[in-house]
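Following: one structure in structure tokens, then a few remarks.
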Amino acid sequence: MVEVKKVKRSENYSEWYNNLVKQADLAEHSAVKGCMVIKPYGYAIWEKMQAELDRQFKETGHQNAYFPLFVPKSLFEAEEKNAEGFAKECAIVTHYRLKTDPDNKGKLMVDPDAKLEEELIVRPTSEAIIWNTYRDWIQSYRDLPILINQWANVVRWEMRTRLFLRTAEFLWQEGHTAHATKEEALAETKQMLEVYADFAENFMAVPVIKGVKTENERFAGADETFCIEGLMQDGKALQMGTSHFLGQNFAKAFDVKFVSKENKKDYVWATSWGVSTRLMGALIMSHSDDEGLVLPPKLAPIQVVIVPIFRKEEEKMAVLEKAREYANALKSKGISVKLDDREGQSPGFKFAEYELKGVPVRIAIGPRDVQNQTVEVARRDTKEKQVMAEVDLVHKIEHLLTQIQQNIYQKALDFRAENITTVNTWDEFKNVLENKPGFILAHWDGTSETETKIKEETKATIRCIPLDSALEEGKCVYTGNPSKQRVLFAKAY
RNA sequence: CGGGGUGUAGCGUAGCCUGGUAUCGCGCCACAUUUGGGAUGUGGAGGUCGUAGGUUCGAAUCCUGCCACCCCGACCA
């Protein structure tokens with residue numbers, strides 16, 4: 001265990017976040033600029049996320065496949081807007097061989113004779129290589145839809161990185177689907193947005209606002225970008241997932257046509273959608289406190305930890321026997337349990353350690369409990385402790401896990417409700433931004449110019465045009481021009 | 001990439017101004033006593049002072065380049 005340097009959320013949110021990621025053993029910086037090492041405990045959480053998302057993708061008819069890491073430059077540039085959007089942050093492979101440096105013993109140099117005829121782009125996203133492939137897969141409407149997802153790594157050469165929130169290389173899934181009609185593609189886009197929202201709220205316990213991006217914030221190459229937006233504890237917004245309706249842009253760029261039932265040729269309609277290891281950042285920032293991580297039971301690698309307490313040898317026997325009995329009973333119900341029977345550490349040490357790691361439920365069992373047929377149960381979210389009779393313990397723990405899942409969602413939901421402010425004037429807008437970080441609902445005249453000016457003056461961007469907000473006549477907070485709907489502003493990660 | 005800061009053992013640090021071979025705490029290893037909220041004692045191991053040069057008899061300390069990280073911008077999921 002590392003010595004814990006305590007920084008409070010309220011003192012320095014960034015430092016608190018960085019310390020937490022390291023101290024809870026989730027990830028660390030690597031020798032490669034901007035890239036992180038995801039450590040076993042952090043990766044275990046990501047695997048839980050993957051497993052559930054993957055299940056939902058398959059349930060909605062998708063299959064996994066894998067496409068190359070590299071994209072030849074000529075393919076990459078085919079869809080102009082997409083290429084332009086990502087051009088500034090691409091890593092490029094220009095050579096395929098090193099050789100020993102004659103002027104510098106023991107060192108290697110790029111072999112100038114091994115220059116590639118065509119540069120390879122390390123994928124920042126895979127539309128290009130995938131749509132180039134789909135062209136060969138699609139001839140008839142009978143070949144559609146294609147519903148494919150891939151789990152992969154991508155590289156975006158960011159200037160400023162932060163563990164999980166923005167790294168130069170990150171892990172994600174990207175779904176890429178092809179459809180015969182616009183309606184079907186749009187329905188797919190919305191369906192996957194729902195999958196993401198459901199996952200965020202019911203598994204991550206993070207409430208999200210579903211919406212549409214403005215033109216400024218739209219994915220490069222998309223006709224429409226849908227997104228889910230979460231609110232972090234420091235009042236900043238985090239884009240947690242996007243689902244794009246790509247229209248026929250990629251089909252046209254890669255010449256992907258199909259013959260319809262009516263024997264007519266038409267371009268294929270496309271969608272793509274993705275979530276990344278950034279979700280780890282959202283999870284950490286949404287629930288954790290000054291004691292450490294708080295994990296929702298549905299994603300916690302360890303849901304219940306059992307800490308045995310004993311002095312004498314005969315106590316140890318009795319306590320461990322009980323502890324194993326409980327552990328097995330819980331495991332048989334599919335609950336992931338860790339029995340921490342290390343003898344070098346005191347119970348207090350272990351309590352603190354599992355709090356740091358966000359384990360939802362802790363069971364302590366000592367000689368006193370063995371005698372009374374009880375256990376001490378502590379929940380991470382509220383830090384409440386109670387002595388429970390062992391009768392029906394498994395059911396009680398199952399119930400408690402459900403309660404914790406609900407409670408941390410409710411807490412996050414309440415927090416968000418308190419931090420969405422409706423404003424009507426520009427003064428109010430600026431005042432709220434400065435004094436009460438969070439989401440702002442305000443009228444906007446619908447132009448890119450206004451959005452850009454607001455961003456320049458306040459750093460706030462339109463996170464989305466919420467899908468479920470009612471139409472309402474009003475005046476743009478910035479220009480006073482007419483508006484039909486409030487949009488969601490915030491400073492964002 | 002611009003402005004500010006940091007880099008000394010696994011972690012947190014003192015020393016740097018005023019140059020003389022590195023301090024303390026946690027952790028680690030061994031043994032003993034301990035264990036219901038971060039145990040105690042005794043003994044021990046662990047350092048190219050981020051890195052590459054320069055100045056000097058001598059560099060953690062002074063100078064230069066580079067690298068990484070943090071904070072604030074620009075860019076972005």
Side-chain angles (χ1 to χ4, degrees), chain A residues 1-7 12-19 22-23 25 28-36 85-90 124-125 154-174 196 213 216-220 225 227-230 237-244 273-282 291-292 307-313 315-316 319 340-356 362-372 374-376 378 383 385 387 455-456 459 461 463 492-493:
Chain A
M1 262 309 295
V2 294
E3 186 186 8
V4 175
K5 185 182 163 194
K6 286 261 167 132
V7 176
N12 185 337
Y13 195 81
S14 295
E15 201 181 343
W16 166 81
Y17 174 81
N18 285 323
N19 285 345
K22 286 176 204 158
Q23 285 162 2
D25 224 18
E28 62 188 30
H29 291 286
S30 71
V32 190
K33 185 183 173 75
C35 297
M36 65 180 164
F86 286 102
K88 289 168 299 189
E89 51 194 57
C90 284
T125 179
V154 288
V155 169
R156 296 182 189 175
W157 215 263
E158 301 289 350
M159 287 169 176
R160 210 171 133 187
T161 58
R162 296 193 63 192
L163 293 169
F164 289 119
L165 294 174
R166 177 168 299 107
T167 46
E169 179 197 17
F170 56 93
L171 305 183
W172 77 347
Q173 59 68 218
E174 45 182 327
Y196 288 157
K213 287 291 187 192
N216 284 9
E217 303 277 328
R218 191 179 292 157
F219 176 76
T225 288
C227 64
I228 50 172
E229 293 282 329
L238 184 72
Q239 179 173 306
M240 290 173 58
T242 47
S243 183
H244 314 293
W273 27 273
V275 295
S276 72
T277 35
R278 172 178 259 199
L279 288 182
M280 292 285 295
E291 262 60 59
V307 178
I309 299 164
F310 48 81
R311 288 168 218 255
K312 300 168 201 143
E313 199 58 23
E315 289 177 342
K316 175 179 164 184
V319 165
D340 187 352
D341 55 4
R342 289 178 298 172
E343 291 192 35
Q345 285 81 3
S346 69
F349 178 90
K350 292 177 183 175
F351 294 171
E353 184 176 1
Y354 291 107
E355 275 163 18
L356 179 60
R362 180 184 76 230
I363 298 177
I365 164 169
R368 210 159 65 204
D369 296 300
V370 174
Q371 197 167 32
N372 301 339
T374 57
V375 291
E376 182 193 81
K383 305 217 190 69
K385 284 195 278 196
V387 175
K455 185 180 176 181
E456 279 166 5
K459 309 270 188 290
T461 51
R463 302 318 306 152
Y493 273 98

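Since this is a predicted model, take the numbers as computed values, not measurements. Letters go in sequence order (proteins before strands), and every chain restarts at 1.
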For Leu165(A), answer base if it contacts any base atom (sugar-phosphate contacts may also be present), sugar-phosphate if it contacts only those atoms, and nothing otherwise; contact means non-hydrogen atoms under 4.0 Å. base
Figure out the CG/C1' separation between Asn19(A) and rC69(B), and round it to whole Å. 12 Å
Given atom CG of Asp25(A) and atom P of rC11(B), what is their separation to the nearest angstrom? 13 Å
Say you pick atom [atom1] in [N] and the same atom in [M]; how far apart are they, in whole Å?
N       : M       : atom1 : value
rU61(B) : rG73(B) : C1'   : 33 Å
rC24(B) : rG3(B)  : C1'   : 35 Å
rC67(B) : rG43(B) : C1'   : 40 Å
rU33(B) : rC69(B) : P     : 48 Å
rC63(B) : rU48(B) : P     : 24 Å
rG50(B) : rC70(B) : C1'   : 15 Å
rG46(B) : rG27(B) : C1'   : 11 Å
rC1(B)  : rG37(B) : C1'   : 49 Å

Salt bridge present between Arg362(A) and Glu353(A) (N-O < 4.0 angstrom): no
Pair Lys383(A) + Glu355(A), salt bridge at N-O below 4.0 Å: no
Taking Watson-Crick and G-U wobble contacts under 3.5 angstrom, with | marking pairs to another strand and [ ] crossing pairs, the secondary structure of RNA chain B is written (((((((..(((.......[...))).((((((.....)))))).....(((((..]....))))))))))))....
I need the minimum non-hydrogen distance between Leu238(A) and Ala282(A), along with the two atoms involved. CD2-CB, 3.5 Å
Taking every heavy atom of Ile365(A) against every heavy atom of Asp369(A), the minimum-distance pair comes out as CA-OD2, 3.5 Å
Would you check if Glu315(A) and Ile309(A) make a side-chain contact, meaning some heavy-atom pair closer than 4.5 Å? no
Between Gln173(A) and Trp273(A), is there a side-chain heavy-atom distance shorter than 4.5 Å? yes
I'd like a list of close polar pairs between nucleotides 31-37 of chain B and the protein, N/O only, cut-off under 3.5 Å.
residue: rU35(B); atom: OP1; partner: Arg311(A); partner atom: NH1; Å: 2.3
residue: rG36(B); atom: O6; partner: Gly366(A); partner atom: O; Å: 3.2
residue: rG36(B); atom: O6; partner: Pro367(A); partner atom: N; Å: 3.0
residue: rG36(B); atom: O6; partner: Arg368(A); partner atom: N; Å: 2.6
residue: rG36(B); atom: O6; partner: Asp369(A); partner atom: N; Å: 3.3
residue: rG36(B); atom: N1; partner: Gly366(A); partner atom: N; Å: 3.4
residue: rG36(B); atom: N1; partner: Asp369(A); partner atom: OD2; Å: 2.4
residue: rG36(B); atom: N2; partner: Asp369(A); partner atom: OD2; Å: 2.8
residue: rG37(B); atom: N7; partner: Lys385(A); partner atom: NZ; Å: 2.7
residue: rG37(B); atom: O6; partner: Glu355(A); partner atom: OE2; Å: 3.4
residue: rG37(B); atom: O6; partner: Arg362(A); partner atom: NH1; Å: 3.2
residue: rG37(B); atom: O6; partner: Arg362(A); partner atom: NH2; Å: 2.5
residue: rG37(B); atom: N1; partner: Glu355(A); partner atom: OE2; Å: 2.7
residue: rG37(B); atom: N2; partner: Glu355(A); partner atom: OE1; Å: 2.8

Please tell me which of Phe164(A) and Cys35(A) maps to the more 5' nucleotide of RNA chain B, matching each residue to the nucleotide holding its nearest heavy atom. Cys35(A)
Plane angle bin for Phe219(A) and His244(A) - parallel if under 30°, tilted between 30 and 60°, otherwise perpendicular: parallel
Take the angle between the ring planes of Trp172(A) and Phe170(A) and call it parallel below 30°, perpendicular above 60°, tilted in between. perpendicular
Please encode protein proximity along nucleotides 70-75 of chain B as a string of B, S and -, counting only heavy-atom distances under 4.0 Å. SSBBBB
